[in-house]
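Have a look at the structure below, then the notes.
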Amino acid sequence: MAHTDLDQTAKTILIENDQGGYTIPTKGLYPYQWNWDSVFVALGFAEFDQDRAWREIEMLFQGQWRDGMVPHILFRKDDPSYFPGPSVWGTDGGPIPSSGHSQPPVAASIILDLVKSDRTGKGLERAATLLPQLMAWHRWYLIYRDPKGKGVMAVIHPWESGRDNLPDWDEALRAVEVKDIAPYERKDTSHVDPAMRPHKEDYDRYLSIVAACRKVGWDPAKVAETCPFFVADPGITFIFLRANRDLLDLAERLGKAEEAAEIRGWIGLMKAGAETLWNADLKAHVAVDQRSGQMTDGISSASFLAPYAGLRDADTLGALQDHFDRIASKVRYMMPSYDPDHRCFEHLRYWRGPVWAMINYMIARGFAEAGDTARADRLRQDTAALIQTSGFAEYFSPETGAGAGGGSFSWTAAIWLTWASPTHAQQAA
Ligand code: GLC
């Protein structure tokens, strides 16, 4: 299909997945508003309807909890085709029924992008309205996902990382006792091939973590203290460090000196903290189980987000460039979600190998900002080729390029529109 036709298809996907101000990731598999999906979707809408882009993020923040958290799923209506729904989560923290934890905090970064590209004349004003909500969410992350002030962000559930089925969670998950779960029927495997989804043993543990948090009433301090799963994630840590830098830029544009000073403190803490995720044997940042102290032994696509977070020293960048080239010699399409040389790599099971367009977008941005335009371009070209070959799939095999998971996927469409489409690249050139 010509790329201009794909531009049109991408817009149509966003419009058809629009539920009246918020967008579902895909029909069937994911029938609600997901946190970071919505934020990436805003970038796609911004290409043709900036007002609608802002609306997407504003509707996400309508679900913010009283403690500051912005949940990973907002259940605006009940949909029996999805499991686990609101009754399993049993939360009561905010104005809209929701899941009980968060997702990668990309919002501040994308809000800054919307401000910078604003054509409506209202961008800065809308950002000003969101600023206190962003500050509250970021404070929540710092207090409850880094209670010891180490400068790294933990996830209390694999789903909070947004990279749900990553091998990095395997060991910490195995330590979770299966208990307090009622008999249940999964819905994900009725929408997509079970071979691409997590195993039942994992699912039992996912639900056991939810049950443990429900038991303490989703009180964030108690969750941080008692949750059976608490793993520092390089993905959230790098995305959050970047988001803090972008939040600082926003606060400065808005003349908010106090907030800016507070955010500078967070950035300093996190720059130092990120070093504790460095696995010197692997020469990459990895996950660290905050309960056992155990460091993981695999390179994931999030390891390549260090430059996006602003960590661009020669050692880090050089190590990542070497890993990049090694991985590129193993697979046809970059960037697999897990190292193809690792024993856990599976090219089609989600988050254990496949490529995600929005991760490529963030990695490429960091590499380009670090001056490595060649590898950034490679990521854009591979993302474009995957979509041109296999359409707007949820994710893709790095080996064959086959599309997998859900189809007509919103964030894949959005990333095409904002970055991967040759139309966009030509305009940017
Ligand atoms: C899966 C992904 C998660 C995403 C959700 C909706 O659960 O792992 O990152 O937000 O699907 O697309």
Side-chain angles (χ1 to χ4, degrees), residues 104 152-155 157-176 195-199 201-202 205-206 229-239 273-309 311 315-356 358-360 362-363 366-367 375 379 395-399 404:
V152 290
M153 296 300 125
V155 290
H157 195 295
W159 296 343
E160 188 161 60
S161 73
R163 300 183 299 142
D164 306 17
N165 202 29
L166 199 72
D168 287 3
W169 318 136
D170 288 0
E171 212 162 303
L173 201 57
R174 254 195 299 275
V176 172
M196 297 173 188
R197 301 291 301 180
H199 298 289
E201 308 84 80
D202 299 325
R205 290 182 168 83
Y206 295 155
F229 187 95
F230 205 72
V231 183
D233 172 18
I236 299 261
T237 299
F238 289 152
I239 285 169
E275 286 175 23
T276 65
L277 302 183
W278 181 255
N279 181 325
D281 298 332
L282 283 185
K283 294 202 186 323
H285 295 90
V286 300
V288 179
D289 187 335
Q290 299 296 290
R291 301 287 186 238
S292 69
Q294 188 76 33
M295 198 169 231
T296 54
D297 68 354
I299 293 172
S300 73
S301 49
S303 307
F304 293 90
L305 290 175
Y308 174 79
L311 308 179
D315 285 352
T316 307
L317 194 61
L320 291 179
Q321 287 165 329
D322 289 349
H323 284 308
F324 188 110
D325 297 345
R326 174 179 57 78
I327 292 173
S329 74
K330 298 278 156 90
V331 296
R332 161 64 189 88
Y333 300 97
M334 297 294 274
M335 172 60 79
S337 40
Y338 218 65
D339 190 335
D341 281 332
H342 193 276
R343 63 188 181 285
C344 291
F345 175 83
E346 290 180 77
H347 77 119
L348 272 179
R349 196 181 294 277
Y350 99 144
W351 294 110
R352 303 177 85 84
V355 179
W356 263 260
M358 83 298 175
I359 300 269
N360 276 4
M362 290 187 287
I363 299 174
F367 272 69
R375 291 182 183 79
L379 287 161
Y395 55 82
F396 305 88
S397 161
E399 288 176 353

Nearest atoms (heavy-atom pairs only) where [X] meets [Y]:
{"X": "Asp168", "Y": "Thr296", "value": "O-CG2, 3.5 Å"}
{"X": "Ser337", "Y": "Pro354", "value": "OG-O, 2.7 Å"}
{"X": "Arg352", "Y": "Asp170", "value": "NH2-OD2, 2.7 Å"}
{"X": "Gln290", "Y": "Ala232", "value": "NE2-CB, 3.3 Å"}
{"X": "Asp297", "Y": "His342", "value": "OD1-NE2, 2.8 Å"}
{"X": "Gly273", "Y": "Thr276", "value": "O-OG1, 2.6 Å"}

| task | Determine, stepwise, if the pair Val288 / Val231 fulfils side chain to side chain contact (heavy atoms under 4.5 Å, CB included). | result | CA-CA 6 Å; Val288 179; Val231 183; over 6 Å; no
| query | Could you go step by step and tell me if Ser161 and Leu166 meet the side chain to side chain contact (heavy atoms under 4.5 Å, CB included) rule? | reply | CA-CA 9 Å; Ser161 73; Leu166 199 72; 5.8 Å; no
Look at [X] together with [Y] and state whether they make a salt bridge at an N to O cut-off of under 4.0 Å.
{"X": "Lys330", "Y": "Asp339", "answer": "no"}
{"X": "Arg163", "Y": "Asp233", "answer": "yes"}
{"X": "Asp315", "Y": "Lys283", "answer": "no"}

| task | Decide if the gap between the ring center of Phe229 and the ring center of His157 is smaller than 6.0 angstrom. | result |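 Centroid separation for Phe229 and His157: 6.0 Å or greater.
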With rounding to the nearest 0.5 Å, note down the distance linking [atom1] in [X] to [atom2] in [Y].
{"X": "Tyr206", "Y": "Asn165", "atom1": "OH", "atom2": "CG", "value": "4.5 Å"}
{"X": "Tyr395", "Y": "His347", "atom1": "OH", "atom2": "NE2", "value": "10.5 Å"}
{"X": "Met362", "Y": "Ile359", "atom1": "CE", "atom2": "CD1", "value": "4.5 Å"}
{"X": "Met153", "Y": "Leu277", "atom1": "CE", "atom2": "CG", "value": "10.0 Å"}
{"X": "Arg326", "Y": "Gln321", "atom1": "CZ", "atom2": "CD", "value": "14.0 Å"}
{"X": "Tyr338", "Y": "Arg349", "atom1": "OH", "atom2": "CZ", "value": "15.5 Å"}

| field | Asp289 side-chain N/O to Ala172 backbone N/O, donor-acceptor pair under 3.5 Å | value |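 It does not hold such a pair.
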| message | Under the ring pair (Phe, Tyr, Trp, His ring centres under 6.0 Å) definition, can you give me all pairs with a residue in residues 280-308, not counting sequence neighbours? | response | Phe238-His285, Trp278-His285
| task | For Trp169 and Asp164, run side chain to side chain contact (heavy atoms under 4.5 Å, CB included): C-alpha distance rounded to whole Å, both residues' side-chain angles, the deciding distance at 0.1 Å, then the answer. | result | CA-CA 8 Å; Trp169 318 136; Asp164 306 17; over 6 Å; no
| field | Heavy-atom side-chain proximity of Ser301 to Trp356 below 4.5 angstrom | value |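 No, every pair of side-chain atoms sits at 4.5 Å or beyond.
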